[in-house]
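Note that the numbering runs from 1 along the sequence shown for the chain. Both counts, for ligands and for their atoms, begin at 1 and track the order of listing. This structure is a prediction, so every number in the text was calculated from the model and none was measured.
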Amino acid sequence: MGIALPNDFEARMRGQIGADYDRFTAALEQPLPTSIRLNPHKDSTLADAGDVVAWEPQGRYLAERPVFTLDPLLHAGAYYVQEASSMFVGHVLRQIAGNEPDIRILDLCAAPGGKSTHYASLIGNGGLLVCNEVISSRVPVLSENLTKWGCPNAIVTSNDPSDFGRLTGFFDVVAVDAPCSGEGMFRRDQVAISEWNTANTRICAQRQQRIVADVWNALKPGGYLIYSTCTFCPDEDENNMAWIKSTFAAEPVEISIAPDWGVTPIEKDGCTGYRFIQHLTRGEGFFCCVFRKTDGSTATPKKLKTKLSPVPKKLVQRLNEMTDGAAFDYYLRNDTAIAVPQAIATDVLTVADNLNVRKMRTAVAHIFGDKLAPEHDLAQSWALNRQAFAAVELSQQDALRYLHRDNVFVADAPAGFNLVTFNGLPLGWIKNIGNRWNNLYPQNWKIRMNVE
Ligand code: SAM
């Protein structure tokens, strides 16, 4: 029994890909490829986990799908489970901005954070990544994934795209991974099939146009828009691509692809988009196109009253000892000291003044008078100074118990805060208070599966 696809979808797809339609539906019957993307800052010996994704050096196809929840390395941020086609945006960013660019990137539709963690891996130490999610209930999972990933230069906002209009010409790159009709996910997502209808694809296309129009002002002259969807619907893909070119001062940018990737270039009105489709590409359905903005201005955003104040000077030395020695400024937010790389401090303050910041990076320590209690954020951040804390390495079973928020008994560890690691990668903190250990793993992130 094949996947039952809506009749109107079939009719439209037969028009789009003709005789290939049967190959396409046959491909949807094949098992879903499982792929992960490695965190280059968290060496986890996973380099040999499987075949390399052709367009992403950190991408790996796994031979089978493990129970990811029961792998402590996932919770350590050693990798992100991500379908392979979506990793194409990393290839795009490398082409338009080079390696480790010190640029400002806005990932406008960011939850749950697949592409955000990818951009976080690619920006330089002087880069800023703003990960935005308008739907408030989807922000916690985005924050959690970014915390585990560990990039000190990524912050999370929750704003409507139109709010970014205040930051005229601020971003070098704006990525719009648009909410869409999800046709490219039909193999894995029965809900996407059941919710699909032609009228809805039109609503999606209009919403996508609104999103791009709302955020366009925030893009710098000469900056790049990366527009992507996980659908095949022309209104949402190539027709919107042509609409962007005809509506804005937007120059289409060609992206290099290799013939053996199986990516289909889609030409429309002088633009090229890139389509990933299951019978040709090793991944799910995906579409991406890129534009360079040729007009506009940059403006110094209106300085509002800053919501962040510096931490008391007497604490700075101690905070510096907890971080890895890179140059940070420290700000106070709800009695917590936040480390902001000095190279981007002005940018971060500008974002904090103008937008609804839901997660600053990196929360280093909670301040109680003269006492500093390390924050979970620090444990998993690339900014952590490992030498500053005692660490206890856990077995896989104890790591799972820790992630389940059970009591974990660790012999011979000093009093106070201890970093808990698995395969050398931090999972969080425990505190030795003499007669027992307090498990400080965040309550909301605890594994709910049985781990015994
Ligand atoms: N980029 C994400 C990733 O790689 O993990 C996936 C993003 S998903 C395709 C689209 C996102 O857009 C969703 O998180 C959704 O909540 C958000 N969204 C929905 N309506 C929106 C709107 N009107 N404006 C901006 N974002 C919206």
Side-chain angles (χ1 to χ4, degrees), residues 35-37 39 53 56 58-59 68 74 77 79-93 105-122 129-149 151 154 156-165 171 173-186 188-189 191-192 195-196 200-216 218 225-233 236-237 240 276 283-289 355-356 358-359:
S35 47
I36 60 173
R37 184 172 36 73
N39 186 337
V53 175
E56 173 48 54
Q58 300 294 342
F68 284 115
L74 174 72
Y79 62 90
Y80 189 93
V81 183
Q82 187 181 31
E83 91 61 35
S85 306
S86 324
M87 300 179 196
F88 186 66
V89 297
H91 171 73
V92 168
L93 188 69
I105 304 183
L106 168 62
D107 188 7
L108 184 65
C109 311
K115 295 179 191 67
S116 288
T117 53
H118 200 171
Y119 296 132
S121 295
L122 297 175
L129 174 62
V130 176
C131 310
N132 181 69
E133 172 54 48
V134 65
I135 297 182
S136 190
S137 60
R138 289 171 60 82
V139 172
V141 68
L142 174 64
S143 288
E144 177 180 341
N145 285 330
L146 282 162
T147 298
K148 289 175 175 173
W149 204 250
C151 175
V156 176
T157 59
S158 184
N159 282 86
D160 187 85
S162 58
D163 295 341
F164 287 87
F171 291 99
V173 172
V174 171
V176 174
D177 188 35
C180 70
S181 58
E183 296 170 5
M185 294 293 148
F186 279 178
R188 63 171 59 204
D189 188 355
V191 177
E195 288 180 351
W196 187 93
N200 195 33
T201 62
R202 292 204 191 99
I203 291 171
C204 286
Q206 285 163 2
R207 184 192 298 130
Q208 289 148 357
Q209 292 187 359
R210 224 172 28 241
I211 291 171
V212 173
D214 280 347
V215 80
W216 186 255
L225 171 73
I226 305 175
Y227 175 85
S228 58
T229 73
C230 59
T231 196
F232 307 120
C233 175
E236 301 175 65
D237 292 353
N240 266 352
F276 293 65
E284 296 303 85
F286 186 65
F287 174 86
C288 184
C289 61
L355 296 165
N356 175 26
R358 290 279 294 270
K359 180 79 186 172

Please state which part of Val134 comes within less than 4.0 Å of ligand 1, counting heavy atoms only: side chain, backbone, both or neither.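 Side chain only.
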
Looking at atom 10 (C) of ligand 1, what's its closest protein heavy atom, distance included?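 I find the closest protein heavy atom is Asp177 O, 3.4 Å.
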
Counting distance only, does the side-chain N/O of Asn145 pair as donor-acceptor with the main-chain N or O of Val141 below 3.5 Å?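 A pair under 3.5 Å: yes.
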
Going from CE on Met87 to CD1 on Ile36, what distance comes out if it is rounded to the nearest 0.5 angstrom? 8.0 Å

Hey, is Asp107 close enough to Lys115 for a salt bridge, meaning N to O under 4.0 Å?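 No, this pair does not count.
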
What's the shortest distance from atom 16 (O) of ligand 1 to any protein heavy atom, and which residue and atom give it? Glu133 OE2, 2.6 Å

Taking CZ in Arg202 as the centre, count heavy atoms belonging to other residues, nucleotides or ligands within less than 6.0 Å. Is the count above 12?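 Counting other residues, nucleotides and ligands, CZ of Arg202 stays at 12 neighbours or fewer.
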
Would you call Gly113 a ligand 1 contact, heavy-atom distance under 4.0 Å?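 Under 4.0 Å: yes for Gly113.
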
Heavy-atom contacts with Ala110 under 4.0 Å: which atoms of ligand 1 show up? List them by number with element.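 Those atoms are 1 (N), 2 (C), 3 (C), 5 (O).
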
Atom pair CG/CG of Asp160 and Asn356 - distance to nearest 0.5 Å: 11.5 Å

Is there at least one pair of N or O atoms, one from Asp107 and one from ligand 1, spaced under 3.5 Å apart? no

Do me a favour and list the nearest non-hydrogen protein atom to atom 3 (C) of ligand 1 with residue, atom name and distance? Gly114 N, 3.5 Å

Of the non-hydrogen atoms in Gly184 and Glu284, which two are nearest, and what is the gap between them?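 Smallest heavy-atom distance, with atoms named: O-CB, 3.5 Å.
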
Please report whether ligand 1 has a polar contact with Cys109, defined as an N or O pair separated by less than 3.5 Å (distance criterion only).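 So ligand 1 has an N or O lying under 3.5 Å from an N or O of Cys109.
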
Please state which protein non-hydrogen atom is closest to atom 22 (C) of ligand 1 and give its distance, to 0.1 Å? Ile211 CD1, 3.6 Å

Closest protein heavy atom to atom 18 (N) of ligand 1, given as residue, atom name and distance to 0.1 Å: Pro179 CG, 3.7 Å

Looking only at distances, please establish whether an N/O atom of ligand 1 is found under 3.5 Å from an N/O atom of Arg138. yes

Only heavy atoms of Pro112, strictly under 4.0 Å: list the atoms of ligand 1 that pass.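 Numbered from 1, ligand 1 contributes 5 (O).
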
Please verify whether a non-hydrogen atom of Ala178 lies at under 4.0 Å from ligand 1. yes

Would you check, one step at a time, whether the test ring-ring contact (aromatic ring centres under 6.0 Å, His included) holds for Phe88 with Phe286? CA-CA 9 Å; Phe88 186 66; Phe286 186 65; 7.0 Å; no

Can you give me the closest heavy-atom contact between Arg138 and Ala111, atom names plus distance?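 Looking at all heavy atoms of both residues, the closest pair is NH2-O, 3.0 Å.
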
With backbone taken as N, CA, C and O and side chain as the heavy atoms from C-beta onward, which portion of Gln82 lies under 4.0 Å from ligand 1: side chain, backbone, both, or neither? neither

Return the residue, atom name and 0.1 Å-rounded distance of the protein heavy atom closest to atom 23 (N) of ligand 1.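 Its nearest protein heavy-atom neighbour is Arg207 CD, 3.8 Å.
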
Output for pair (Ile226 CD1, Ile105 CD1), nearest 0.5 Å, gives 7.0 Å

Which distance, rounded to the nearest 0.5 Å, do you find between the OG of Ser158 and the CD1 of Ile135?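 Going from OG on Ser158 over to CD1 on Ile135, the span is 9.0 Å.
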
